Amino acid sequence: MAEAYDFRSIEAKWQKRWEDTQIFLAREDSGRTKYYVLEMLPYPSGDLHVGHAKNYTFGDVVARMMRMLGYEVMHPMGWDAFGLPAENAAIARGADPNQWTRTNIANMQRQVRLMGTGYDWSREITTCDPEYYRWNQWLFLRLYEQGLAYKREAPVNWCPHDRTVLANEQVIDGRCWRCETLVERRNLSQWFLKITAYAQRLLDDLEKLDGWPERTRAMQRNWIGRSEGAEFWFAVEGSQERISVFTTRLDTLFGATYVAIAPEHPAVAKIVTPEQREAVARFAKNLQSKSELERTSLLEKEGVPSGAYAIHPLSHERIPIWVTNYVLAEYGTGAVGGVPAHDQRDFEFAHKYNLPIVEVIVPPGQEPSPQVREAYIPDGVLINSGEFDGTTSAQARKAIARRLSELGVGEEKINYKIRDWLISRQRYWGTPIPVVYCERCGEVPVPDGQLPVRLPPNVPITGEGSPLARDEDFVKTTCPKCGGAARRETDTMDTFFESSWYYLRYLDPRNTTLPWDPAKARYWMPIDQYIGGAEHAVLHLLYSRFFYKFFADRRWVSGPDEPFTRLFHQGLVLHEGERMSKSRGNVVGIDESVHQHGVDAMRLFLMYVTPPEDTSDWTDTGATGRIRFVNRVWRACAPYVKQAAKVDPRKLPEPKNASESALLAAVHAAAKSAIDETVSRRFHYNTTIAKFDEYVNALTVLEQSDPNSLVAAYAVAALPLIMAPFAPHIADELWERLGHSQSVHLEKYFEPDARALTVDQITLVVQVNGKVRARLNVAPGTDEEQAYALAIQQSTVIAQLDGKEVRKRIFVPDKLLNLVV
RNA sequence: GGGGGUGUGGCGGAAUGGUAGACGCAGCCGCCUCAAAAGCGGCCGGGCAAAACCCGUGUGGGUUCAAGUCCCUCCACCCCCACCA
């Protein structure tokens, strides 16, 4: 093999070979311990770039390592194929969404194969296949039966550009997460999933997920947003209405000098006085015309008096009710007690409208302020609070809650920020919601036997209104209950529905009677290592946890009721320091990169440039370094292949000299690093690949001094085993040239031997008062006395000791000797 | 405002409390070559002519025989959430 390394033909050869021999199939009956590693399934947007490559390469290295370490590895791939871009392509250039999606999938399949990733393709799924989405519908019906899927009218987020509603999780800074259009509020009748029923469990179980990044757990905690407080009501003077409010600061209750209420609150219409009716209506209308963003980013708090008065539940004082722009209709009860002295927002509002400011909390041992200039937020001691004066905030919260409860006007309460998950979309390219509306029977779920409710082809997509609603052939149906005329639901499901359970379908992708066989879930679940972007922290990852808990409650899965034991967020890939984007024209595509550098070099570069969780920067010069490495491997191995073919890489040779033991140590250190980074789940393969460099460097050194070295031949024989998960193509090619008939990827991983890692000379550091003064080359195991005797002969040490007495010696075997004087 | 995180050469980064800067990129010098590319060898934190010595992991302190690493202070930057009552 004197020829130069031709990565193009060799990589293509092995990709075909792996596929033909199906070496990556996952089975349940191997008797091995299972390991399920999964990258979040991609949306088939058209082309893969090196950012995708980093993600899939990382998962593939982990999968190949675990397989060689003796696990039965599940590593599947699929396509998250429903969604807006297909439909937008249809609107923009008349493409058929199905055709558009299928074309993209075909191209991306080709590219994924081009990367040499070892997937079990027999389990591939595509979520827009009727055989997939029928199980979406089936699961929806099970949720419906349990009261966890329901329809109601509610103020929802409406994206005027995409002409659909959005889940709360899909509104980012008041804008649509896809097109960044300002989102509007609309009252619409929509389907929801009752994720709030699982709020507490979703929160509590975050504690168990110690294999997740802390920031992701923190984000979910914040999103669920539990707060402990109390709910109580104000009577409205001269009315039967009561205004309920939620507060976490019941200790400040006596400081409430007004009630603030959201304009959308249903009580507003009932309590507003005739004189104020017009002003309130105008205020509400003005506010409604504003987008969510304009509304929530308003700095100025404004309001109008309703004209009505509330009665304070304890002091029985009469306080005004104001309709304001700063109380959220969707959180808590939509109304709050205004406590200007102890809440900055209330302070600003009261200041503007000259409402009274009553101080009720002071720091312990302090007098009330002569003039309140800003809200005092911390806990303290109560004043101006009747019988509660002198108690601490913490005591007062309990005591006041008790009193309100005795009076029957309130109680302690836990509130969550999380809302139910809105899944209706007024779009075409999604799973039809399996419900019909019958004039006689009302809302009727489609029976299982009639699934799937198929998405009709050739529906014109103009972007105006729900496309399915215009397809009369689809809409007109008969009632499953009475057989009478009925109309189908024309909304489709949020695509996060299908991605909340797809990892279970991989386990049993061709099952025609159930979405998956619970026995298969018992073997494979939970997912041992999940890999994907941090942007899904509260969308996909929270929805999936919710679904999985529902499945666990139904006993469709067993074991822990969390689907993802360990989670890893890979970092972005930049290009020369900039974010890759089509508009910048700086996207580094897979085809281009593979053609230029080869797959192995690309994989090595992506794993080498940073630890996988960090942002990495694709630079052509950096990638060049890994091409050099691949070529170096080839050149360094070439002269030894003949000899290495006769050497057993599992049998440790005896080194004859220092270069040989250095190479031997480098070989074993490289394997040890690969194993350590994998089993520790740290995955810092950048350090492993650095050790590959040292491996090949040591081999090159030996090659020049001793072309017949047996240790060098051994290093060449072992190299494919050690590098296989990282550079799978060149590894298999070398393995074959060494005379092996079976793929190296089916071999057991190389086992590092501690004996090889011990070298005959170590550097022992001599410190004086903690500063390094000399380095001794000694045999490992040199004891303290020997080391000391050598150390005090060193001129640099003598100079530092300068006749002073050595008060203390610290000796760390094979590491250092510190002399304290 | 709340939460999470990060600060190490020109750059990416390495370092179970124990030799700071492994490995690579860029750069510089040399060998090879008619020449270039590739390859091979060497240098590469700062100060000094310099082995020695001094300084050096955002800042200031502390713990320790020993701190990039542990604790506290401050500074800077990044990410997420946010009139959430």
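Computed from a predicted model, the values in this text were never measured in an experiment. Letters go in sequence order (proteins before strands), and every chain restarts at 1.
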A.B. asks: If you compare every side-chain N and O of A:Y608 against the phosphate oxygens of B:G24 (OP1, OP2), does one of them come in below 4.0 Å?
C.D. replies: no
A.B. asks: Compare the minimum distances between each of B:G18, B:G13, B:G3 and the side chain of A:N222, then state the nucleotide with the smallest one.
C.D. replies: B:G3
A.B. asks: Rounded to whole angstrom, note down the C1' distance from B:U16 over to B:G61.
C.D. replies: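 It works out to 27 Å between them.
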A.B. asks: Return no unless some side-chain N or O of A:R221 is found under 4.0 Å from OP1 or OP2 of B:C81.
C.D. replies: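 Answer no for this pair, as no side-chain N or O of A:R221 is under 4.0 Å from OP1 or OP2.
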A.B. asks: In whole angstrom, what separates A:W223's CH2 from B:G3's C1'?
C.D. replies: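 Whole-Å distance recorded here is 14 Å.
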A.B. asks: Taking the P atom in each of B:G58 and B:U69, what is the distance between them to the nearest angstrom?
C.D. replies: 8 Å
A.B. asks: Let me know, please, whether A:D614 or A:D346 comes out on the 5' side of the other along RNA chain B by nearest nucleotide.
C.D. replies: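 Nearest nucleotide further toward 5': that of A:D614.
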A.B. asks: Picking from B:G13, B:A85, B:G3, which would you name as closest to the side chain of A:P611?
C.D. replies: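 Selected nucleotide: B:G13.
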A.B. asks: Name the nucleic acid region contacted by A:G332, choosing base, sugar-phosphate or nothing; use a 4.0 angstrom heavy-atom cut-off, strictly under.
C.D. replies: nothing
A.B. asks: Going by side-chain contact (heavy atoms from CB on, under 4.5 Å), A:M607 matches just one of A:N686, A:I689, A:T688. Which one?
C.D. replies: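 Only one option passes, and that is A:I689.
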A.B. asks: From NZ of A:K54 over to P of B:G12, roughly how many Å is that when rounded to an integer?
C.D. replies: 14 Å
A.B. asks: Quantified in whole Å, what is the P atom distance between nucleotide B:G2 and nucleotide B:G10?
C.D. replies: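 It comes out at 36 Å once rounded to the nearest Å.
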A.B. asks: Contact class for A:F629 (heavy atom, under 4.0 Å): base, sugar-phosphate, or nothing?
C.D. replies: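 No contact at all - A:F629 keeps every heavy atom at 4.0 Å or more from the nucleic acid.
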A.B. asks: Would you say the ring centers of A:F254 and A:H312 fall short of 6.0 Å from each other?
C.D. replies: yes
A.B. asks: Any base atoms under 4.0 Å from A:Q704, or only sugar-phosphate, or nothing? Heavy atoms, all strands.
C.D. replies: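 Counting heavy atoms under 4.0 Å across all strands, the contact made by A:Q704 is with sugar-phosphate only.
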A.B. asks: Expressed in whole Å, how much space separates the C1' atoms belonging to B:A15 and B:C83?
C.D. replies: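 Each nucleotide's C1' atom is 47 Å from the other's.
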A.B. asks: For a quick test of reading the model, state the closest non-hydrogen atom pair linking A:W618 to A:A623 and the distance between them.
C.D. replies: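 Closest approach of A:W618 to A:A623: CZ2-CB, 3.9 Å.
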A.B. asks: Honestly, is A:R632 close enough over A:F629, meaning NZ or CZ under 6.0 Å from the six-membered ring centre and within 45° of the axis?
C.D. replies: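 No.
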A.B. asks: Among B:A26, B:A52, B:G2, which nucleotide has an atom closest to any side-chain atom of A:T621?
C.D. replies: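 Nucleotide nearest to A:T621's side chain: B:A26.
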A.B. asks: How long is the gap from OH on A:Y685 to OG1 on A:T678, to the nearest 0.5 Å?
C.D. replies: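 Reported value, rounded in 0.5 Å steps: 3.0 Å.
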A.B. asks: Side chain of A:T796: nearest nucleotide among B:C40, B:A52, B:G3?
C.D. replies: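 Nucleotide nearest to A:T796's side chain: B:A52.
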A.B. asks: Below the 4.0 Å mark, does B:A14 have OP1 or OP2 next to a side-chain nitrogen or oxygen of A:N686?
C.D. replies: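 Yes, because at least one side-chain N or O of A:N686 sits under 4.0 Å from OP1 or OP2 of B:A14.
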A.B. asks: Using a distance-only criterion (donor-acceptor N/O pair, under 3.5 Å, no hydrogens), is the base of B:G18 paired with the side chain of A:Q767?
C.D. replies: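 Donor-acceptor pair under 3.5 Å: yes.
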A.B. asks: Could you tell me how far B:G21 sits from B:G7 if I compare only their C1' atoms? Round to whole Å.
C.D. replies: 16 Å
A.B. asks: Name the residue closer to the 5' end of RNA chain B, choosing between A:E302 and A:A218 according to the nucleotide with the nearest heavy atom.
C.D. replies: A:A218
A.B. asks: Name the nucleic acid region contacted by A:R809, choosing base, sugar-phosphate or nothing; use a 4.0 angstrom heavy-atom cut-off, strictly under.
C.D. replies: nothing
A.B. asks: Rounding to the closest angstrom, what is the interatomic distance between B:C79 and B:A26 at atom C1'?
C.D. replies: 30 Å
A.B. asks: Please check if the distance between the ring centroids of A:F349 and A:W322 is under 6.0 Å.
C.D. replies: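 Yes.
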A.B. asks: Can you tell me the distance, in whole Å, between the OH atom of A:Y376 and the P atom of B:G1?
C.D. replies: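 Going from OH in A:Y376 over to P in B:G1 covers 17 Å.
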A.B. asks: Expressed as a whole number of Å, how far does the P atom of B:C44 sit from that of B:C29?
C.D. replies: 15 Å
A.B. asks: Out of B:A20, B:G4, B:G18, which nucleotide sits closest to the side chain of A:V772?
C.D. replies: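 Looking only at heavy atoms from C-beta outward on A:V772, the closest nucleotide is B:A20.
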A.B. asks: Kindly say if A:N697 contacts the phosphate of B:G24, meaning a side-chain N or O under 4.0 Å from OP1 or OP2.
C.D. replies: yes
A.B. asks: How far, in whole Å, is B:A67 from B:G12 if one measures between their P atoms?
C.D. replies: 27 Å
A.B. asks: Any N or O donor-acceptor pair under 3.5 Å from the base of B:C65 to the side chain of A:K808?
C.D. replies: no
A.B. asks: Looking only at side-chain N and O atoms, does A:T687 come under 4.0 Å of OP1 or OP2 in B:G13?
C.D. replies: no
A.B. asks: Just checking A:F568 against A:F58, ring centres under 6.0 Å apart?
C.D. replies: yes
A.B. asks: Name the closest nucleotide to the A:Q800 side chain, picking from B:C53, B:A22, B:G24.
C.D. replies: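 So the side chain of A:Q800 is nearest to B:C53.
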A.B. asks: Reckon A:R626 touches a base, only the sugar-phosphate, or nothing at all at heavy-atom distances under 4.0 Å?
C.D. replies: sugar-phosphate
A.B. asks: Over all heavy atoms of both residues, which pair between A:Y353 and A:G303 is shortest? Give the atoms and the distance, please.
C.D. replies: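 Taking A:Y353 first and A:G303 second, the nearest heavy atoms are OH-N, 3.1 Å.
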A.B. asks: NZ of A:K413 versus P of B:A85: gap in Å, rounded?
C.D. replies: 13 Å
A.B. asks: Would you classify B:G9 as syn or anti? Syn applies when the glycosidic angle is within 90° of 0.
C.D. replies: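 Classified syn.
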A.B. asks: Enumerate, in order of first residue number, the stems that involve RNA chain B, defined as 3 or more consecutive Watson-Crick or G-U wobble pairs with both distances under 3.5 Å.
C.D. replies: B:1-7 with B:75-81, B:10-12 with B:23-25, B:27-31 with B:39-43, B:45-47 with B:53-55, B:60-62 with B:70-72
A.B. asks: Classify A:V609 by what it touches in the nucleic acid, base, sugar-phosphate, or nothing, heavy-atom distance under 4.0 Å.
C.D. replies: sugar-phosphate
A.B. asks: Going by side-chain hydrogen bond (donor to acceptor under 3.5 Å, both in side chains), A:R249 matches just one of A:T252, A:T247, A:D251. Which one?
C.D. replies: A:D251
A.B. asks: To the closest 0.5 Å, what do you measure between CZ (A:R419) and CG (A:N157)?
C.D. replies: 12.0 Å
A.B. asks: Roughly how many Å is it from CZ in A:R635 to C1' in B:A38, rounded to a whole number?
C.D. replies: 8 Å
A.B. asks: How close do A:M219 and A:V538 get, heavy atom to heavy atom, and via which atoms?
C.D. replies: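 That closest heavy-atom pairing would be O-CG1, 3.8 Å.
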A.B. asks: Describe the nucleic acid contact of A:V812 in one word from base, sugar-phosphate, nothing, applying a heavy-atom distance below 4.0 Å.
C.D. replies: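 Here A:V812 touches the bases of the nucleic acid.
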A.B. asks: Answer yes or no: does a side-chain N or O of A:R773 lie under 4.0 Å from OP1 or OP2 of B:C54?
C.D. replies: yes
A.B. asks: Within the 4.0 Å heavy-atom criterion, would you say A:R807 contacts the bases, only the backbone, or no part of the nucleic acid?
C.D. replies: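 Counting heavy atoms under 4.0 Å across all strands, no contact is made by A:R807.
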A.B. asks: Classify A:K771 by what it touches in the nucleic acid, base, sugar-phosphate, or nothing, heavy-atom distance under 4.0 Å.
C.D. replies: sugar-phosphate
A.B. asks: Can you measure A:L817 atom CG to B:A66 atom C1' for me and round it to whole angstrom units?
C.D. replies: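 Between C1' of B:A66 and CG of A:L817: 12 Å.
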A.B. asks: Rounded off to whole Å, could you give me the CG-to-P distance for the A:D693 and B:A22 pair?
C.D. replies: 13 Å
A.B. asks: Any base atoms under 4.0 Å from A:P213, or only sugar-phosphate, or nothing? Heavy atoms, all strands.
C.D. replies: nothing
A.B. asks: Think A:R628 has a side-chain N or O under 4.0 angstrom from the OP1 or OP2 of B:C25?
C.D. replies: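 For B:C25, OP1 or OP2 has a side-chain N or O of A:R628 closer than 4.0 Å.
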A.B. asks: Look at the side chain of A:N818 against the base of B:C65 and say whether a donor-acceptor pair falls under 3.5 Å; ignore hydrogens and angles.
C.D. replies: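 Counting by modelled atom types and ignoring angles, a donor-acceptor contact under 3.5 Å is found here.
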A.B. asks: Base, sugar-phosphate alone, or nothing: which one does A:S227 contact when heavy atoms must sit under 4.0 Å apart?
C.D. replies: sugar-phosphate
A.B. asks: Residues in ring pair (Phe, Tyr, Trp, His ring centres under 6.0 Å) with A:Y640, at least two apart?
C.D. replies: none
A.B. asks: Take atom OH of A:Y685 and atom P of B:A14, then tell me their distance rounded to the nearest Å.
C.D. replies: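 Between P of B:A14 and OH of A:Y685: 15 Å.
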